[in-house]
Amino acid sequence: MKYSKEETSRLNIQTKKFLKENSISDKKELEELRATIRFHEWQYYVHDNPLISDYEFDQLFKLLERAEHLHPEWITPDSPTQRVSSDLVDVFKSVEHLSPMLSLENSYNADDLNDFDARVKKLCALSEGDELSYFAEPKFDGGSIALIYENDFLVRAATRGDGAKGEEITSNARTIRSVPLKAAFSDYGIGKVELRGEAVISKAMFQKINENRETDGLALLANPRNAATGVLRVKDASETSSRGLDVFIFQVSYVEDLKGENAMFKQKSHADWMKILDILGFKVALHERKVCKNIDQVIQYINQWVEKRDHYKYEIDGVVVKVNELALQEKCGYTSHHPRWAVAHKFQAKQATSVLLNVEFQVGKIGSITPVAKIEPVQLAGVTVSSISLHNEDFITSRDIRYGDQVLVERAGDVIPYIVKAFPELRTGKEKPIHFPKHCPVCKTTLIREEDEAAWRCPNFMCEAQIIQRLIHHVSKDAMDIDGLGKSLIERFFELGWLKNMADIYRLDYKAISNLEGMGEKSAEKLRLSVEKAKKNPIHRLLHGLCIHHLGKKVSKLIAEHLRYLPDLKDWPLERYTSIKDVGPVVGKNIIAFFEDKKNVKMLEEMEELGVNMKQTSEDKPKEIAADAPLAGKTILFTGTLKELDRKEAQELAERAGAKNLSSVSSNLNILVVGEDAGSKLAKARALGSVEIWTEQEFLQKIR
Ligand code: IVH
């Protein structure tokens, strides 16, 4: 344990003192304050046991920031305020590990473990009956990371890469609060050390990330592992801190004493090293690990985890078992692939078998055909699964999946189910190959497949299924944002023949709508108002709403910045598109093709006649913010229900006042405006300590 009883009580007294006095008189006191904040960070992020409220932590952090602002010459690189750098990385540097990062051999059952035990004993020249102790702990399912500390400071962090060389991700690692920026290795006579660990995201945090991604219209992440490895490699370090990564250290891979000599064997066992890392403030699996006296105890320990894993905070995929004594590890040695003294016992995945009953071919908004398997419903980790995406034709052929096949279904990381494989050995002869259709299931047009794309597409722009999907996209939040006009109403209006193309949305007959079952005058009027509002949208929304392949929200905005009148695009040559930074030739060609089609030009003309805005608005233009704008250079986020403004209005006002809107709480955030029922964002901002927290009224006053 890093902090003794006396130290804990002393730091608690310090905490009270700093909170009461709220001032710093000299450099020594400032260092005391840092030590106090580090203690609370450790309690929260390493030990999972906060001793003060988020608000109090916030006060301490602000005090530190104020003092460092007054005395920048007193700032130290290991200060809690120095976790985020503003560096943006273009390409990660490739760096060599101090010793290769090997893999582990796998075990799947007790027999494998007993074989492992026998092999190890032989290598160590022990007899069968001798006892050999093993260190066992969960196998965390995240991304591996290697940290180097030199003269007590974190000097480098890297990903695993190919095992010999990884990518340097030091600024990202510095933002992870369970990674100490400084650790007193010199107290143990250590000058340089390389630690290995696993960066993980808790199941709860993973869920939150996906909820946010869904709101932002981003593709959902498949599992916490992908989330963690993705976050480790983000190019903007300030984002890493916003994603709640934790790092569990599981190995000391290289260690030098102060004279530069190998110091690995200064400790007797792996457990001894882990004890030291715990004392130095690292997050190790303190409550989870066990030193087992023999392989039978290891097997017992594994069985306990099979029961516990579903309720554990993190996703784990097995248990890692290591020979505990370092001298014996040395005797076992290594292959080029793995150490002979360790094994990874893998749990059974969350799988079930089912039967493939049918495949539906669904048509997307740009005509991509997605095969969706209908299977006999099965329970997978508490959820009934009956419908699973088969992605594309190659997925089906590479796995030779057939109608009627018994299939193995898995829910990866508790989220998206997929078909792992079919069982050809269980075929009865009645199974039939799945022929990917040659024609669109809806309009019967011959499908095409571009050379570099995985999907077959229906090229018929007027295909009914595509029209409906396009209409749904056109009115969606990221595009024209027509409140109250969702998927089911679009489908209903289409059936009734009221919607043939996007222009029809702007000439709906509200009288007729009010007479529909379940609608009435009130809802019709509400819908009319939403449509009227959308007509005034900036042109980047309309551009995005046209459903041109590869023309997303971001590129639409970039093009709108250079476009005074949307129909001018008719005359844009390809070079005009590619001269805009981040706009490529593919999307340029698609836009040109869109305008070459007379029907599309006519549709836009009709829209304009119906009052849809085609002219660049101030919202389309890049913002030029005066240096004296009230929120110039600040970042802001709104959370909870606001009373006077709706969310969009508030964000626009903030932007006009010079602020940049962020979508999540990170140490990059300056201001959080809280409405009613603010939840986790508020708690997180408080924990960060660096975020100013305003009410809606305060916000309105400040921007006035
Ligand atoms: S020990 C010499 N312990 O599993 C290798 N590895 O295939 C020593 N992992 O990529 C590794 N949790 O990142 C060890 N408690 C744990 C682990 C663990 C996850 C990962 C590790 C590596 C992979 C091994």
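If you read the sequence from its start, that first residue is 1, and numbering goes on from there. What you see is a predicted model, and the numbers here were worked out from it, not measured in a lab. In each ligand, atom 1 is the first atom listed, and ligand 1 is the first ligand listed.
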(message) Check this for me: does any side-chain nitrogen of one of D78 and R38 sit under 4.0 Å from a carboxylate oxygen of the other?
(response) yes

(message) I'd like to know if E167 pairs up with R233 as an ion pair, taking the criterion as any Lys NZ or Arg NE/NH1/NH2 lying under 4.0 Å from an Asp or Glu carboxylate oxygen.
(response)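 Yes, this pair counts.
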
Answer yes or no: is there a donor N or O on one side and an acceptor on the other, between the side chain of [X] and the main chain of [Y], under 3.5 Å?
| X | Y | answer |
| --- | --- | --- |
| D112 | Y108 | yes |
| T635 | N668 | yes |
| R174 | Q82 | yes |
| N114 | A110 | yes |

(request) Mind checking whether L104 contacts ligand 1 via backbone (N, CA, C, O), side chain (CB onward), both or neither, at a 4.0 Å heavy-atom cut-off? (result)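 Answer for L104: both.
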
(request) Quick one: look at E198 and ligand 1, take heavy-atom pairs under 4.0 Å, and tell me if it's side chain, backbone, both or neither. (result)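 The answer is the side chain.
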
Looking at ligand 1, does any of its N/O atoms fall within less than 3.5 Å of an N/O of [X]?
| X | result |
| --- | --- |
| W341 | no |
| G197 | no |
| K139 | yes |
| S103 | no |

[atom]: the protein heavy-atom neighbour that sits closest, reported with distance to 0.1 Å:
| atom | answer |
| --- | --- |
| atom 19 (C) of ligand 1 | F140 O, 3.1 Å |
| atom 10 (O) of ligand 1 | S144 OG, 3.3 Å |
| atom 15 (N) of ligand 1 | E137 OE2, 2.8 Å |
| atom 17 (C) of ligand 1 | F250 CD2, 3.5 Å |

(request) Would you indicate whether the side-chain heavy atoms of V323 and R340 approach each other to under 4.5 Å? (result) no

(request) Dump the intermediate steps for salt bridge (charged side-chain N to carboxylate O under 4.0 Å, His left out) on E137 and R289, then the final yes or no. (result) CA-CA 4 Å; E137 69 177 4; R289 71 185 175 193; over 6 Å; no

Run the contact test for [X] against ligand 1 with a 4.0 Å cut-off on heavy atoms, strictly below, and give the result.
| X | result |
| --- | --- |
| A285 | no |
| A342 | no |
| M101 | no |

(request) Report, as yes or no, whether the 6.0 Å neighbourhood of atom NZ on K308 holds more than 12 heavy atoms from other residues, nucleotides or ligands. (result)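 More than 12 heavy atoms, drawn from other residues, nucleotides or ligands, come within 6.0 Å of this atom.
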
(message) Distance under 4.0 Å to a non-hydrogen atom of Q251: what atoms of ligand 1 satisfy this?
(response)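 Counting from 1, the qualifying ligand atoms are 8 (C).
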
(request) Tell me, please, whether F248 has K283 positioned over its six-membered ring: NZ or CZ under 6.0 Å from the ring centre and within 45 degrees of its axis? (result)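 Yes, K283 lies over the aromatic ring of F248.
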
(message) Counting only heavy atoms, tell me which of A136, P138, A344, P339 gets closest to atom 2 (C) of ligand 1.
(response)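 Result: the heavy atom closest to atom 2 (C) of ligand 1 is in P339.
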
